[in-house]
Amino acid sequence: QVQLVESGGGLVQAGGSLRLSCAASGGTLRTYAMGWFRQAPGKEREFVATTRWSGSTQYYADYVDSVKGRFTISKDNVKNALYLQMNSLKPEDTAVYYCAAASSGGGRVFRLYDYWGQGTQVTVSS
């Protein structure tokens, strides 16, 4: 059973940066597809970014269009952690951010993920 704990959220002004971390225990993330999702009040959970081993020398990464060029997802298999570097933040990025792990599948569909963290709040002021 994998446990995920997010951290790094907070209040930041528009244009600022935050780095979210997701620490895993109870299993290694090396073989999992990992994702970040977010949920704003009154809205459905939204895909943000995902990464998985591509089978070559690089990790595959995918992002929702609204964060491309601003957010970067990365995984550290030694530290067993997942990160989301968020730059040029906008008020519309305000949400609770969740990390998730999928033993198979994953991608953009939250129902394909097996394990979830409790979430960390990101608030971007204008």
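In what follows, every heavy atom counts, from backbone to side chain, and hydrogens, waters and symmetry copies are set aside. Since the model is a prediction, treat every value here as computed from it, not as a measurement.
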Give a yes or no on whether the backbone of Gly27 and the side-chain of Asn80 come within a donor-acceptor separation of less than 3.5 Å.
-> yes
Candidates Trp36, Tyr98, Tyr83 - the one meeting side chain to side chain contact (heavy atoms under 4.5 Å, CB included) with Cys22 | Trp36
Least distance between heavy atoms, Ser88 atom then Arg70 atom = O-NH1, 2.9 Å
Check whether any side-chain heavy atom of Met86 lies under 4.5 Å from a side-chain heavy atom of Val67, and answer yes or no.
-> no
Main-chain N/O of Glu44 paired to Glu46 side chain as donor or acceptor, under 3.5 Å | no
What's the shortest heavy-atom distance between Ser17 and Asn87, and which atoms?
-> OG-OD1, 2.9 Å
Closest approach of Val5 to Gln118 (non-hydrogen atoms, all atoms of both residues) | CA-OE1, 3.7 Å
State plainly whether the residues Lys68 and Asp65 are in salt-bridge range, i.e. N to O under 4.0 Å.
-> yes
Which ILVMFWY residues are connected to Val109, directly or by a chain of links, through side-chain heavy atoms under 4.5 Å apart?
-> Leu112
Rounded to the nearest 0.5 Å, how far apart are SG of Cys99 and CG of Leu82?
-> 6.0 Å
Min side-chain heavy-atom separation Gln121-Thr94 under 4.5 Å = yes
Minimal heavy-atom distance between Met34 and Ala101, with the atoms involved, is SD-CB, 3.5 Å
Is the backbone N or O of Leu29 less than 3.5 Å from a side-chain atom of Lys75, with the two atoms forming a donor-acceptor pair by type?
-> yes
4.5 Å side-chain heavy-atom contact, Val2 and Asp114 = no
In terms of heavy-atom contacts, Glu6 and Gly117 come closest through OE2-CA, 3.2 Å
Separation between OG (Ser126) and NZ (Lys90), nearest 0.5 Å, reads 14.0 Å
The residue among Ile73, Thr72, Val122 that forms side chain to side chain contact (heavy atoms under 4.5 Å, CB included) with Leu84 is Ile73
Got Arg45 and Trp116 here, is their nearest side-chain heavy-atom distance under 4.5 Å?
-> yes
If the plane angle is over 60° it's perpendicular, under 30° parallel, otherwise tilted; pick one for Tyr97 and Phe71.
-> tilted
Over all atoms of both residues, closest heavy-atom pair of Gly9 and Leu20 = N-CD2, 3.6 Å
Any donor-acceptor N/O pair, Arg108 side chain to Tyr63 backbone, under 3.5 Å = yes
Taking the side chain as every heavy atom from C-beta outward, state whether Thr28 and Asn77 have any pair of such atoms under 4.5 Å apart.
-> no
Any sub-3.5 Å donor-acceptor pair from Tyr113's side-chain atoms to Gly107's backbone N or O?
-> yes
